[in-house]
Amino acid sequence: MTPPTPPPGPRIRLTGTPMGRMVRIAEFGDEIDPLQREQLHAYGLSGSHPVRVLQQQPMTVVLSEHVELALEHAVARHVWVEPA
Amino acid sequence: MSSLAATAPLTHTLALVGHPNVGKSVLFHRLTGTYVNVSNYPGTTVEVARAVPRHDRSASLLDTPGVLALPARSDDERATMRALLNEDMRTLIQVGDAKNMRRTLNLTALLAELGVPMVMALNMTDEAKARGVSVDVAALGEVLGVPVVPTVATGGEGIARLTEAFAQAAVPAPLLRYDASLEQEIEHIAALLAEHAPHPRLAARGLAILLIGRDPEVDAWLAAQSGGAPVREAVAQLTAAVGRDTAPARLARERNAGAETLARTVTRHADAGDRSLALLAGRVAVHRLWGWPMVLGVLYAVYLFVGYFGADVLVGLLEEDFFGEVLNPAVTALVEQSVPIPWLSDLLVGEYGLWTMGMTYALALILPIVTTFFLAFGILEDSGYFARLSVIANRMFAAIGLNGRAVLPMVLGLGCVTMATLTTRILHTRRERLITTYLMALAIPCSAQLGVVLGLLGGISFGATVIWTAAIVCVLLFTGWLASKVISGKRIPLVTELPPMRMPVLGNVLKKTGGRLKWYLVEVIPLFLLGTLIMFVLDRVGALPWIISAGEPLVTGWLGLPAEASAAFVMGFLRRDFGATGLFVLQDQLDMVQAVVGMVTLTLFVPCVASLMMIIKEQGLRIAATMLAMIVPTAFLVGGVLNFVLRLFF
Ligand SMILES: Nc1nc2c(ncn2[C@@H]2O[C@H](COP(=O)(O)OP(=O)(O)OP(=O)(O)O)[C@@H](O)[C@H]2O)c(=O)[nH]1
Ligand SMILES: [Mg+2]
């Protein structure tokens, strides 16, 4: 049922992704606490779906399937992404 | 719109459920004719509302608070879960967002396991179309095994078809199977549930998934069942996490993957190149440079509309020209002629007269101001700007141990602190709720109070308004900072959705303003009259001069106000805005510093009776009493210090 995962490539932090770039969420670091991890899943921020980085300051904002999500850097820093 | 009683009679119940801000409340209005507040931010509805649907007068339709996901994690989500557990739930109407099928189906995957017949209203199809998203409704209905009806709730499209579909509601086919180890746990718990504590409506499998996901409401329900103990024990033994993910997070991830696969097969995306003005406004609102100028611009526009047009122009017309020159002289003459008893006529039209003081304050002074304020507020709510403010204000809120999510209750507090205290339910931890509730009780002036403040200070100078604002913001930040140090617990970083900016719907703004004005008239006027009566009695029995002289050291000495201002503080115990009106009528005797100091002190003074009741309801008597015991001294402390500081300059 899990969609095919892309071949492992270089992973970068979501906070380090330039504006306008499309990325795939690779994984959440251990630093993100379980409740917040669940919340990220619920927002649809997982799996192989690409998201577009809209801005990094004052918060990271990504567009995930027509919905804008704002993430504080304390969280976005521990979201690992790979180029889509 | 009664909230859910613990012993709700079991009537055939349908419920609108879905993510926050997808249009449940608009649909509720369409289906029942009962209006509940609709706004463009997640978390408008925080309590279950109930009304009789038009299609079946013997049934009952519920509007529920939006859930980001189940298991429930915040108090508003828990209210939804409670309704699912305790009502005679016959049909679930999932309201989905057509432009985000992945998320919609993620929730479907859970709801489908509850074993309740379902219908899906695929709402916001207009916005989906504008973004080039099309959903194969027939295919989706086929896979889920339930009717799927595309709707545009705001335009009334698809409502008739949705109503017809209720008759075809069916228990959906499960969307996914979890991985083998999770499935094993689910089956184990479900079997125990079926044996020891079967639920009259909800399927054991769905409840098992929620229990493994640590849903507090399902757990509370189970604890209340006579056969619940063995099931709870079995759940407690399942704590073992696999790898770094806890069981709840694993369930969420697998559901997400399942939803993703299905969403992909039924949705098509075309590049619509949507470049509207709303989109641009949305970007500017959270921009790191342009965000702040926009905040100031919005504030200034509100000031012009409420502080100038409402408090200056309209109040001038009403209070001075109409009440002052025409109405009150006429009423006074009439009363003095027809009421021969002097004290009675005094009670009606004297210095502390029910008409000349109570009604005149309420109708001529505050009503025009709150009306303009509610209009401006409703427009901003509908635009979606408030949700974006949380991005801009997040850093500032981090300093006081909160995150940007708390912006929403605080901003709503400017409308009515009582209602906003309820909205703190959208916050995720007890600590956040406590700090936010306290700060609102202390330093957030509600619309009526704000109106009087703007009326008095705006009349003096724009600078006076700025000093008042700065003082209140400083108190807010400093107290918040202290509170975050004193109240233990971790700060939660902000992750939030930003709903699209939308053109405000005039009809909705007017309806909401009407509802709020009704609240104002019903709640505030009786209190104003009561307050006037108390003042009248105090004056008659000669207690007022005594209070004025007793308050002298504090009011005159410490705050530097004229002795008569003591009366305003007595009035302020009833409602802060009523007290503020007491200062307002003294305005000719006040210089700028006195006006600012008086208003700052009264703004902080005490929460109104209604909001105090709400704090007791949400936080308990002890916490409410503690808050009150801290708020009153803080108000006088700040007022005195401000007096001292301002005297250095003015
Ligand atoms: N464009 C468009 N906007 C809609 C539609 N339905 C609702 N809205 C808007 O979406 C916003 C949210 O509507 P609500 O009915 O308050 O949403 P809700 O699901 O009750 O939200 P919560 O109470 O926060 O869970 C409002 O600004 C509505 O005007 C629709 O079909 N199309
Ligand atoms: Mg609602």
Side-chain angles (χ1 to χ4, degrees), chain A residues 1-6 13-15 19-20 22 24-80 84, chain B residues 19 67-69 71 73 97 99-103 106-107 127-128 131 133 176-177 179 213 241 244-246 248-249 251-261 263-264 267 269 282-283 286-289 291 388 390-392 394-395 398 403-404 428 490 492-500:
Chain A
M1 189 125 243
T2 337
T5 39
R13 295 178 191 272
L14 182 55
T15 38
M19 273 161 57
M22 293 291 284
R24 275 178 217 288
I25 309 289
E27 71 173 320
F28 303 138
D30 292 343
E31 297 83 352
I32 300 181
D33 87 286
L35 273 184
Q36 204 128 39
R37 194 178 280 258
E38 233 183 282
Q39 200 190 355
L40 293 171
H41 285 303
Y43 276 126
L45 268 192
S46 59
S48 60
H49 200 90
V51 300
R52 181 185 297 281
V53 179
L54 294 180
Q55 69 177 51
Q56 289 287 9
Q57 293 294 340
M59 286 176 74
T60 304
V61 178
V62 299
L63 188 66
S64 163
E65 189 169 327
H66 308 290
V67 173
E68 289 174 47
L69 298 172
L71 293 85
E72 202 171 295
H73 290 165
V75 176
R77 193 178 302 132
H78 304 299
V79 175
W80 293 92
Chain B
H19 283 106
V67 291
L68 174 59
R73 295 296 179 228
D97 179 352
K99 65 185 181 298
N100 194 340
M101 285 311 289
R102 247 169 5 119
R103 195 148 61 113
N106 193 338
L107 188 59
E127 287 192 348
R131 287 164 172 75
V133 179
L176 77 156
R177 289 191 68 73
D179 76 28
R244 64 180 64 165
D245 271 353
T246 56
L251 287 167
R253 190 187 51 207
E254 296 216 3
R255 259 198 303 275
N256 205 14
E260 159 112 41
T261 315
R264 207 177 292 172
T267 327
H269 299 263
R283 296 259 45 86
V286 294
H287 192 270
R288 79 191 156 100
L289 295 179
R388 283 170 194 258
S390 56
V391 170
I392 294 294
N394 188 51
R395 280 234 173 108
N403 69 44
H428 287 201
K490 220 171 61 205
I492 310 273
L494 178 63
V495 174
T496 190
E497 157 183 13
L498 305 175

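Proteins come first, then strands; the chains are lettered A, B, ... in the order of their sequence lines, and each starts at number 1. Every heavy atom of this structure was used, including side-chain atoms; hydrogens, water molecules and symmetry mates were not.
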> Only one of Thr15(A), Val79(A), Leu54(A) clears side-chain contact (heavy atoms from CB on, under 4.5 Å) with Thr60(A); which?
Replying inline: Thr15(A)
> Which atoms of Asn106(B) come close to chain A, meaning under 4.5 Å heavy atom to heavy atom: side chain ones, backbone ones, both, or neither?
Replying inline: side chain
>> Using heavy-atom distances under 4.5 Å, tell me whether Arg255(B) contacts chain A through its side chain, its backbone, both, or neither.
In response: neither
>> Which one wins on heavy-atom pair count under 4.5 Å against chain B: His73(A), Glu38(A), Glu65(A)?
In response: Glu65(A)
>> If we define contacts as heavy-atom pairs under 4.5 Å, which of Pro34(A), Ala70(A), Ala42(A) has the most with chain B?
In response: Ala70(A)
> Of the backbone (N, CA, C, O) and the side chain (C-beta and beyond), which part of His269(B) lies under 4.5 Å from a heavy atom of chain A, both, or neither?
Replying inline: side chain
>> Quick check for you: among Leu69(A), Asp33(A), Val61(A), which has the greatest number of heavy-atom pairs under 4.5 Å with chain B?
In response: Leu69(A)
>> If the threshold is 4.0 Å, N to carboxylate O, is there a salt bridge linking Arg283(B) and Glu68(A)?
In response: yes
> Distance-only, no hydrogens or angles: does the Gln55(A) side chain make a donor-acceptor pair with backbone N or O of Gln57(A) under 3.5 Å?
Replying inline: yes
> Judged by atom type as modelled, is there a donor-acceptor pair below 3.5 Å linking the side chain of Arg102(B) to the main-chain atoms of Gly44(A)?
Replying inline: yes
> Does Glu254(B) offer a backbone N or O that forms a donor-acceptor pair with the side chain of His41(A) under 3.5 Å?
Replying inline: no
>> Heavy-atom pairs under 4.5 Å with chain B: which of Leu35(A), Val67(A), Leu71(A) has the most?
In response: Val67(A)
>> Shorter than 4.5 Å, heavy atoms on both sides: which option in Pro248(B), Pro493(B), Ala252(B) has the most such pairs with chain A?
In response: Pro493(B)
> Would you call Gln36(A) and Ile492(B) a side-chain contact if the rule is heavy atoms closer than 4.5 Å?
Replying inline: yes
>> What part of Val133(B) gets within 4.5 angstrom of chain A, counting heavy atoms only: side chain, backbone, both, or neither?
In response: side chain
